[in-house]
Amino acid sequence: MLFALTVIKTFGQLPKIIEKNGRHALLVDGKPFFILGGQAHNSSGWPGMLPNVWANIEAMHANTLEMPIYWEQVEPEPGKFDFSLIDTLLVQSRKNKVHLILLWFATWKNGSNHYIPEWMKREADKYPNITGKDGKPVDSPSPNFPATMDADIKAFTAVMNYLKNADTQHSVIMVQVENESGAWGSVRDYSPTAQKLFEGSVPAELLTPDVLAALNVPAGTTGSWQQVFGDRADEYFQAWSVALFVSKVAAAGKAVYPLPMYANAALRDPLTNPMANTYESGGPTDNVIPIWKVAAPSIDLVAPDIYIDGSEKILKVLGLYFRPDNALFVPEAGLSSDKAKYLYEVIAHGGIGFSPFGIDDNGDVKKDPELARRIAPLAQEYAMITPMMGELAQWSFGGKIRAVTEREDFGNQTIDLGAWEAIVMFGGDGRANAEPVNTKPIGKMMIAQLEENKFILIGTGCHITFRPTGKNTGRAWEYGKVEEGKYENGVFKRLRIQNGDETDWGGPGFGDTPTVLMTTLIVR
Ligand code: DGJ
């Protein structure tokens, strides 16, 4: 009886995000869960498209499918709702034993409103677009008109209400509210209605010393948007307006069914502090996260969509979205081998998940060698992580994981492990017949420190050695044991002990397929 009660209680737990010491975990069924995700293409949320989506999710070994649900499909006529796609997704996700993240394509999809129902599109005066600085219409909804927000709130509330009753077993673990909200083509709305708001005073919530400091404005500054924020005023006003809108939609949905909710960002260049006319204005880009945090308390996290290239930029972005008040989650990334390595960085940053975009490209992975080739780098990582996902999520939450990813200079990298320094050399795998260097910078290494001298090493395209440091500096050392194996039901199952040629030629090596090594080090 007691057992049955415990099972029912666990089964009923809502997914939620928790924080400890500035790190986060997504709890699913009450336990830390790492999203090994895949996002379908924009127009794949139709029953006839789903077989390929599931085939590709299976080929990827993903544990979560990110799937859009479309306002135009959910509310084809005012107040008449169609939740058949949600029903289909719920049935199929359970059959495939995969969780869902639903993406609410509504007022904003990549800065435009192309997913609002047709009946709204026909009422442009009631649900207006932005007016540009030159007075011309811009292909982006204005965040400054309550009618649009009220309609969005009504539809989203209906979705969440339906989900609450249809998904008592919590197949859906998070909801993305809108998609890349903001505007391309105008920094803000310059219509008379928006202009009037812009000429008003900056809300008190943005004038606290902390928020002003985060926005590089002297403490105590007050006044209009222009007076307080100068050349950033237009963008900050737009960010405030969009964040407020998105948060109100999320809050209404949470009031009926409080799943974790997030907003995704089309990024700006993270290194050069460009002006907002070069990127999508008003979405949660790195520079306006402080505004979003104040304006959008119902949004649990803001998340970067990673389509930029280059280690320096991508590592910078991960650092900018990994904050004590923001769980790191990459809801979209290019589906390519050069992005796959950042999965390790997200885990090491205490992130809650990673998900490439467009996993159902061109149909069925089994019949499409090109797609199979693109999926492969992540698929093998997901396959390796799956049996130890719970351990990794727990270690990540506890701050026990460090990672390095190969940069464009192919250079060695080090990891400080207290009494040890790990030296990661990319290319080769330590053995005599190995290629000495990688031809592309795709190597990676992740280390979970279980005890002072005991580590789980996971990597590809590199080899590793150690140097005693701190209290061990100058001492002789050797491997206690280098065990290769995998986790099964919480226990490390050894395949073999690596020794001799496998460890003597520059340390344990990691080839193209991710390998898991449990390693102890000894000073003598
Ligand atoms: C980012 C968007 O969020 C996705 O929906 C998709 O449009 C990709 N860009 C590009 O294909």
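All values below come from the heavy atoms of this structure, side chains included, with hydrogens, waters and symmetry mates left out. Every number for a ligand or one of its atoms is a count from 1 in the order of the listing.
Ranking protein heavy atoms by distance to atom 8 (C) of ligand 1, first place goes to Y307 OH, 3.6 Å. For atom 6 (C) of ligand 1, the closest non-hydrogen atom of the protein is F357 CZ, 3.5 Å. Looking only at heavy atoms of the protein, atom 3 (O) of ligand 1 is closest to E332 OE2, 2.7 Å.
Counting atoms of ligand 1 from 1 in the listed order, those under 4.0 Å from a heavy atom of E180 are 1 (C), 2 (C), 3 (O). With ligand atoms numbered from 1 in the order given, ligand 1 contributes 3 (O) to contacts under 4.0 Å with heavy atoms of D305. Residue-ligand proximity, N179 to ligand 1, at heavy-atom distances under 4.0 Å covers atoms 2 (C), 3 (O), 5 (O).
The shell of residues lying under 4.0 angstrom from ligand 1, judged by heavy atoms, includes K109.
Using cut-offs of 30° and 60° for the angle between ring planes, the W225 and F229 rings count as tilted. Ring-plane geometry between Y70 and Y115 is classed as parallel, the angle between the planes falling under 30 degrees on a 0 to 90 degree scale with a further cut at 60.
Looking at Q39 and L103, their side chains come closer than 4.5 Å, going by heavy atoms from C-beta outward. M67 places none of its side-chain heavy atoms less than 4.5 Å from the side chain of I101.
In terms of polar-atom proximity, Q39 is not counted as a contact of ligand 1, lacking any N or O under 3.5 Å from an N or O of the ligand.
N264 and E180 get closest at one heavy-atom pair: OD1-N, 2.8 Å.
Within 6.0 Å of CG in D409 there are more than 12 heavy atoms belonging to other residues, nucleotides or ligands.
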